[in-house]
Amino acid sequence: MALCHPTNIEDYILNAIAIKHNDQIIDLQTAAEMGFEGEQIHLDNSPESLEVLRHSTAHLMAQAIKSLYKDAEFYVGPVVKEGFYYDFKTSETVGEADLKNIEKEMLSFAKKKYEIEKYEISMDEAKEKFKNDHLKLSVMERIPGDRVSIYKQGEFEDLCRGPHLPNIGLIRYFKLTKVAGAYLGGDSKNEVLTRIYGIAFADKEALKAYLDQMAEAEKRDHRKLGNEMKLFTFREEVGAGFPIWLPAGGRLRARLESLLFKAHRKRGYEPVRGPEMLRSDLWKTSGHYQNYGENMYFTNIDEIEFGVKPMNCVGHIKVYEEDLHSYRDLPLKYFEYGVVHRHEMTGALHGLFRVREFTQDDAHIFCTADQIEEQIIEVVDFVDKIMSTFEFDYKMMISTKPEKAVGDDKVWEISTNALKNAMDKNKLPYEIDEGGGAFYGPKIDIKITDAIGREWQCGTIQLDFNLPQRFELEYNGEGNEKIQPVMIHRAILGSFERFIGILTEHYAGEFPMFIAPTQVAIVPVAESHKDYAKELSDKLIDIGADSEIFAKNDSLNKRVRTAEKTRVPMIVVIGDEEIQNKTVAIRDRRSREQYNLSQEDFLKLIQTKINEVNF
RNA sequence: GCCGACAUAGCUCAGUUGGCUAGAGCAGCUGAUUUGUAAUCAGCAGGCCCGGGGUUCGAAUCCUCGUGUCGGCACCA
């Protein structure tokens, strides 16, 4: 297919902005010189088109920045999942308020409709050209070969491999979204550059849809909803990263805990509990003192140093040590809603997603090497049961042996294969994170995506050969020989804090009946109906449901509205009619319907809804 | 920890270039009203303007040091 060389912007919109050749996006500048033919890419919102558009928008932004900040030097400006960014440096401070100015400048450049030209020069020439930009020079250090391409639009030139739009006039619908600091090369030892993020689309509608979607996501932010629904709070005087659970959050959490408790008992786990602080000597034995001490909190009691636990393994090991064990006893499974403290860096704290004190649904399985696979399968199954109950999309990653590791290769191979087999047998997809395992063993991480697309690790399943060895754990084998057990460290929700945060965003606060802080809102029509409301409320408690009576001295409409705003799953209105007929008038939030039920059927319905979920 | 921004009533937010007694809506309290499915009316109360220090005749407002929060980066056993 021949390529046209349009003479005005409108023609570009009609014609291709780039072509796709052997799955590679080739811009017109490159195609013109190389004569490639291929599938046309038009300016639309396809991934290929957006890739080109956003890359060029990043350049346009750099052009605007250069024009506003004369001493600006530029590092890299790639296209990423959520748009694009450019890292740069200037002597002036760039804040959020400056984004509008930069956008304005970008638009005024775009109006000039500069052609984006491409030419190649030798590396030496490039180094001469960018000799005043030490950031660009450091980019060049990493480029192999001795020729580089330069893209030029108006006076602005940038070292770049492309692909780019043919003309900057095509860039119209974009927005600079955030300004941030970022370490050069992603390494905290390096200097900090200014990074501006932006987004661009082919048309106005797509940009608007994107911005609306972001605004929607913001509404379901668990920090906002947690505040509105009074689930939890943080207070400056209490300290950063230490959540306070309010009654509504406490009820929700208690429901989750009790469901999960039963689920563990069904699978043969025994509840145990270790102390909150253990002597530092134990942390030295486990290796945490040496390797992770800077993330732990320590205190002295009678001149003996104690470490507040950052995990529950050691406590469970002490449970294991309390008895002699036979191979016949294994697997042994201990679980605990273990409160742990970790010194997270201030900048890492984020609502309930990242805190300094949290409760893990933690368990340790002590088993024989032969049992690893079946135990993994059981845990993966457990995870899937819970994730599918909540309709979560989740992703699993198997992390393999890292550089720094303990245990011999053979054991690593067996355990890594055990993880892979378990996944394959369940036909569960997974990704491999090569070398991303813990130093004591490979692991499977379960990641859930939040309302704005960020991935958060929740559950984890880790094979541990290190701690059993360090603590010299053993059991008696068939021939009465001493054998070292294998330890599987696992958490399914990960932590109640993070999981409830994600649940809140997932349901936008509209929790399903079985987990909701309050199951039913009761609205008596008039004062004379309050007794019946109380009666109903008591009956609900008897079947394990929480309710709230809205009997304030307000209009009925107002109280229905208030009840609705609490996001309670079901509202029942009761008045003379209901009392006389022993019925309730139901308003179901999910189905948006109103209907009547006899009191008996209503209670049965609630009971069914609460009990229909088991993990 | 790093870069940038922010912190005013329980909540959401006004508060001009430093200058009157720091305001509003919602929530709360009191009264009237007793309501049939998303806001009844009236009144009242509510503030160490995040904390310490400074500049100034005068600071919610300017400077400084903390604390906390937000957006990223780095970190996340």
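Because the structure is a prediction, the values reported are computed rather than measured. Per chain, numbering begins at 1; letters A, B, ... match sequence-line order.
- For A39(B), the base has no donor-acceptor partner in the side chain of R559(A) [N/O atoms by modelled type, under 3.5 angstrom].
- Among the heavy atoms of the strands lying under 4.0 Å from Y197(A) are primed sugar atoms or P, OP1, OP2 only; no base atom is included.
- Remark: K558(A) is not in phosphate contact with C41(B), judged by side-chain N or O atoms under 4.0 Å from OP1 or OP2.
- Using a 4.0 Å heavy-atom criterion, one finds that K552(A) contacts the sugar-phosphate atoms exclusively.
- Listed for the N291(A) side chain is a donor-acceptor partner under 3.5 Å among the backbone atoms of G287(A).
- Candidate nucleotides G36(B), A38(B), C75(B) were compared by shortest atom distance to the side chain of R587(A), and A38(B) ranks first.
- Taking atom CG of L246(A) as the reference point, atom P of A27(B) lies 20 Å away to the nearest angstrom.
- Base pairing of U17(B) is not made with any nucleotide, judged by Watson-Crick or G-U wobble geometry with both donor-acceptor distances under 3.5 Å.
- In this structure a side-chain-to-backbone donor-acceptor pair under 3.5 Å is present from E73(A) to H134(A).
- Nucleotides G15(B) and A39(B) have their P atoms positioned 30 Å apart, rounded to a whole Å.
- The phosphate of U12(B) has OP1 or OP2 within less than 4.0 Å of a side-chain N or O from N227(A).
- Here G72(B) is the nucleotide among G72(B), G4(B), C75(B) with the atom lying nearest to any side-chain atom of K178(A).
- Using bins of under 30°, 30° to 60° and over 60° for the plane-to-plane angle, the ring pair Y334(A)/H316(A) lands in the perpendicular bin.
- Two residues, D554(A) and Q457(A), neighbour RNA chain B, and the one matched to the more 5' nucleotide by heavy-atom proximity is D554(A).
- Nucleotide G47(B) is matched to nothing when pairs are restricted to Watson-Crick or G-U wobble geometry with both distances under 3.5 angstrom.
- Atom P of nucleotide C70(B) and atom CZ of F353(A) are separated by 12 Å, given to the nearest angstrom.
- Using C1' as the reference atom, C63(B) and U55(B) are 7 Å apart when rounded to the nearest Å.
- For the OP1/OP2 pair of U40(B) and a distance below 4.0 Å, the side-chain nitrogens and oxygens of S555(A) include at least one atom meeting the criterion.
- Among the atoms of the strands shown, base atoms are found under 4.0 Å from some heavy atom of T346(A).
- R223(A) has a side-chain polar atom (N or O) that falls below the 4.0 Å cut-off from OP1 or OP2 of G71(B).
- G347(A) comes within 4.0 angstrom of a base, heavy atoms only.
- The side chain of L556(A) lies closest to U35(B) when the candidates are U69(B), U35(B), C76(B).
- Look at CG on D221(A): it is 7 Å from P on G71(B), rounded to the nearest Å.
- A sub-4.0 Å separation between OP1 or OP2 of G71(B) and a side-chain N or O of H350(A) is present.
- The backbone N or O of D554(A) lies less than 3.5 Å from a partner atom in the side chain of R559(A), making a donor-acceptor pair.
- For the pair H529(A) (side chain) and D576(A) (backbone), a donor-acceptor distance under 3.5 Å is present.
- Residue L193(A) contributes atom CG, which lies 22 Å from atom P of G71(B) at whole-angstrom precision.
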Working note: F298(A) + F306(A), criterion ring-ring contact (aromatic ring centres under 6.0 Å, His included); need CA distance, chi angles, decisive distance, verdict.
CA-CA 6 Å; F298(A) 292 97; F306(A) 280 71; over 10 Å; no

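- The separation between L99(A) atom CG and G72(B) atom P is 13 Å, rounded to whole Å.
- Between U8(B) and U69(B), the distance separating the two C1' atoms is 15 Å to the nearest Å.
- Between the base of G1(B) and the side chain of Y183(A) there is a donor-acceptor pair shorter than 3.5 Å.
- Using Watson-Crick or G-U wobble geometry with both donor-acceptor distances under 3.5 Å, A74(B) finds no partner in any strand shown.
- In this structure, the ring of F88(A) has its center no less than 6.0 angstrom from the ring center of Y75(A).
- Comparing the C1' positions of C2(B) and G19(B) gives a spacing of 40 Å, expressed to the nearest Å.
- C20(B) sits 32 Å from C65(B) when the C1' atoms are compared, rounded to a whole Å.
- Atom P of nucleotide C41(B) and atom CG of N557(A) are separated by 12 Å, given to the nearest angstrom.
- Residue-level contact check: A180(A) touches the bases, meaning some heavy atom is under 4.0 Å from a base atom.
- For the C1' atoms, the distance linking U37(B) with C50(B) amounts to 43 Å, nearest Å.
- Atom CD of E96(A) and atom P of G71(B) are 10 Å apart (whole Å).
- Using cut-offs of 30° and 60° for the angle between ring planes, the Y86(A) and H59(A) rings count as tilted.
- Under the 30°/60° scheme for interplanar angles, the aromatic rings of F353(A) and W456(A) are found to be tilted.
- The residue V94(A) sits close only to the backbone: its heavy atoms come under 4.0 Å of sugar-phosphate atoms, none of a base.
- For A240(A), taking side-chain heavy atoms from C-beta onward, the closest of the listed nucleotides G68(B), U34(B), C73(B) is G68(B).
- At a threshold of 4.0 angstrom between heavy atoms, the contacts of T93(A) are confined to the sugar-phosphate backbone, with no base atom among them.
- The base of C75(B) sits within donor-acceptor range of the side chain of R354(A), with an N or O pair under 3.5 Å.
- Figure legend: R54(A) and F201(A) shown as a cation-pi pair, the cationic atom lying under 6.0 angstrom from the six-membered ring centre and within 45 degrees of its axis.
- When the C1' atom is compared between A24(B) and G47(B), the two are found 14 Å apart, to the nearest whole Å.
- If you check every strand for non-hydrogen atoms under 4.0 Å, G239(A) touches nothing.
- For V192(A), the listed nucleotide lying nearest its side chain is C3(B); candidates were C73(B), C3(B), A38(B).
- Whole-Å rounding puts the R235(A) CZ to U67(B) P distance at 19 Å.
- Contact of E578(A) with G36(B) (side chain to base): a donor-acceptor pair of N or O atoms is detected under 3.5 Å.
- Both E236(A) and V179(A) lie near RNA chain B, and the one whose nearest nucleotide falls closer to the 5' end is E236(A).
- As the counterpart of U35(B), no nucleotide is assigned, since no Watson-Crick or G-U wobble pattern has both distances under 3.5 Å.
- Spacing of P atoms, C62(B) relative to G18(B), comes out at 8 Å, to the nearest Å.
- A24(B) is paired with U12(B) under the Watson-Crick or G-U wobble criterion, all donor-acceptor distances under 3.5 Å.
- Partner assigned to U69(B) is A5(B), using Watson-Crick or G-U wobble distances below 3.5 angstrom.
- Side chain of A585(A), nearest nucleotide from G36(B), C75(B), U12(B): G36(B).
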